[in-house]
There are 2 protein chains.
Amino acid sequence: MAITIRDIAQHAKVSVTTVSRVLNDRPDVKEATRVKVNAAIDELGYSPNIVARGLVLQKSHVIGFIVPDITNPSFPELARGIVAQARGYGYSVMFYDTNHDRRVEKEAIRLLKSKQVDGIILSFNEANKEELERLKHEHFPIVQIYRKSSNSVVSTIALDNVKSGYVATKYLISLGHKRIAHISTGEQVQSGSERLQGYREALSEAGLPYEEDLVCFGVNSAASGKECMEELLSLDESGRPTAVFTCHDIMAAGAYDAILAANLRIPDDISIIGHDNNQLSLLIHPKLTTVDTYKHQLGQKGVDLLLEQMNAEEPTYKEVLCETGLVIRESTRSIE
Amino acid sequence: MAITIRDIAQHAKVSVTTVSRVLNDRPDVKEATRVKVNAAIDELGYSPNIVARGLVLQKSHVIGFIVPDITNPSFPELARGIVAQARGYGYSVMFYDTNHDRRVEKEAIRLLKSKQVDGIILSFNEANKEELERLKHEHFPIVQIYRKSSNSVVSTIALDNVKSGYVATKYLISLGHKRIAHISTGEQVQSGSERLQGYREALSEAGLPYEEDLVCFGVNSAASGKECMEELLSLDESGRPTAVFTCHDIMAAGAYDAILAANLRIPDDISIIGHDNNQLSLLIHPKLTTVDTYKHQLGQKGVDLLLEQMNAEEPTYKEVLCETGLVIRESTRSIE
DNA sequence: TTGTATGCGTTATCAA
DNA sequence: TTGATAACGCATACAA
């Protein structure tokens, strides 16, 4: 600490300019002086003040990352992907958890900009529209992950939820199921509405009817998943589904509860497919068939997209849709 | 962006010093000028460059946070606690996930210091001893959370694992269990060895023998928990435990698998108590009795401890031990 | 009550 | 190949 470029300049008997040159690997410095300077650096244990450097270079090599709730299982893996990818490009990441509070979101953005981050990756629940508009207007580099409003105003990286809903449902169809229920988070939630759409497309393609009785709306929690499943189980024998696609693994875990409580077996009596490939999905019994969202990769691509923006002359705008992948485990079975 | 204190000085027709004064709420400025300056600030949409301020004040108001793996369920909640508490004190947090790589740990420390963080909270698996020694030597403020080596060289905040092992075991004893097994992560892991010690103390206090057959060593994974449980179930009828204390919830989830596979029921045939109060513990069936580690609070206290160090004249050294709390759910029953 | 000048640690410009 | 100097955006000692 407290030891600066000036100290090592004195110690090596050269100017600060020269020290700066060897620090930045400039070619225009004699080998002998380079050695001398490096010796001084080692001897005094100097490490450059990147903040001061950023001041003159107008670049902090820090990006901001804002999430509503890091304990939500969608985020830790995403965070890893972001941190790892950023590190690869020489960037650090400043992290905010807003606890779903819009005021905190706004404050986080303000603070991050005050701290001169070069760009921000964020994932708001309800996109804080005015804030995003302002940032866009300023051409401030920003990427939204898992956007929740379809008419987003900034560059976005999201899941292809329609496709994943389609794939999950289609898999159940391929196993011979005809009465396939869906536990959804509803039309108001972007992922919910998109996965529902995929579900409908798969049914329709297979010539199966869309039955309102078989679609249940709840929120992303085990309790809600359980309630929905109970409702589905209350249908009379002939109307009861043989398979269920739940919008999230956590809701599937709740559905498990309801099914076990009804003395039914998974997948013998009923097949379940979840979505997200939470750690949880491997720990519940039977292991849950689900759809992986490759969150780590999502984070990496988010950083790539952000850097692309930061390096672009003209402000760019892009929407990237990421693939998902079926993970077949033990909670689904063929009924042919 | 690009709009500085100088711009608003010109706009308000005062000196930068005066602007700086109103920015920092100094009393020695006439009300009229204050109004004038604030008007200019609003009009131009100025926000101060905190990095530049930090350069002169020698304080960044940023703390570093390093974890080996944020997807490990111990960390997200801890991270929330840290970010929230830091925010309360006006600090931002720069975050690194090292993926258990010691080289990355070292690089993260170096980078964070280069970026002038005011202190670092870290949680290494194998404490990177030399690094910590160096930091301590430099009087660089640092706090280690969940330390894993008992002879730590820096301030530390950790769980009272001996006590939580004791409390968990004692609870099983209070339910009337006499043959209580323990699935442990072993003597080599700090938390494992401490919880094992608590287990032994509780047995000994109750006059129950310590039986090597009933203690199984594995690692913190569901698969390992399952293997250990299978081993315990292979004991002959009379030697089989009626209750098991597992070192982690995830291992308990694995134990569930083994028990169900053996056509036994929880808690009817065997009681299980876990440790950590993972989200998982509420989602498996039956809901797991466990020990909460109050990770959010742990994060908050970590920040408090760090700030205490940062503000101290003399370098301080402290070890804080945090309480844990029994959470009674459905996986344990009385057998009297 | 306000302004001038200097410095925080670094890089860039220009001249030597 | 090297060095003196200005600048990045801000705060502060000192003078006015």
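Convention: sequence-line order gives letters A, B, ...; per-chain numbering from 1.
Contact between the side-chain N/O atoms of B:T33 and the OP1/OP2 oxygens of C:dT2 is found at a separation under 4.0 Å.
For the helix from C:dT1-D:dA16 to C:dA16-D:dT1, the rotation axes defined at the first and last 5 base pairs enclose an angle of 40°, given to the nearest 10°.
Counting heavy atoms from C-beta on, the side chains of A:L159 and A:L321 never come closer than 4.5 Å. A:Q309 places none of its side-chain heavy atoms less than 4.5 Å from the side chain of A:P315.
Screening residues 38-59 of chain B for salt bridge (charged side-chain N to carboxylate O under 4.0 Å, His left out) gives B:K59-B:D118 as the qualifying pairs, with residues at least two apart or on separate chains.
When each of B:V104, B:I120, B:D97 is paired with B:I66, the side-chain contact (heavy atoms from CB on, under 4.5 Å) condition holds for B:I120 and for no other. Each of B:F140, B:Y96, B:F65 was checked for a side-chain contact (heavy atoms from CB on, under 4.5 Å) with B:L112, and the lone residue meeting it is B:Y96. Exactly one residue among B:E131, B:E107, B:E130 makes a salt bridge (Lys or Arg N to Asp or Glu O under 4.0 Å) with B:R102. That residue is B:E130.
Heavy atoms of A:V51 sit nowhere under 4.0 angstrom from any nucleic acid atom.
Residue B:K106 places its NZ atom among 12 or fewer non-hydrogen atoms of other residues, nucleotides or ligands, all under 6.0 Å distant.
The nearest whole Å value for the distance from the CG atom in B:D28 to the C1' atom in D:dA15 is 14 Å. Atom C1' of nucleotide D:dC10 and atom CD1 of B:I8 are separated by 12 Å, given to the nearest angstrom.
The side-chain tip of B:K136 points at the ring of B:Y317 from less than 6.0 angstrom away and within 45° of straight on.
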Checklist outcome for this item: Each nucleotide of nucleotides 6-16 of chain C classed B (base within 4.0 Å of a protein heavy atom), S (only sugar-phosphate) or -, in 5' to 3' order, makes -BBBBSBB---

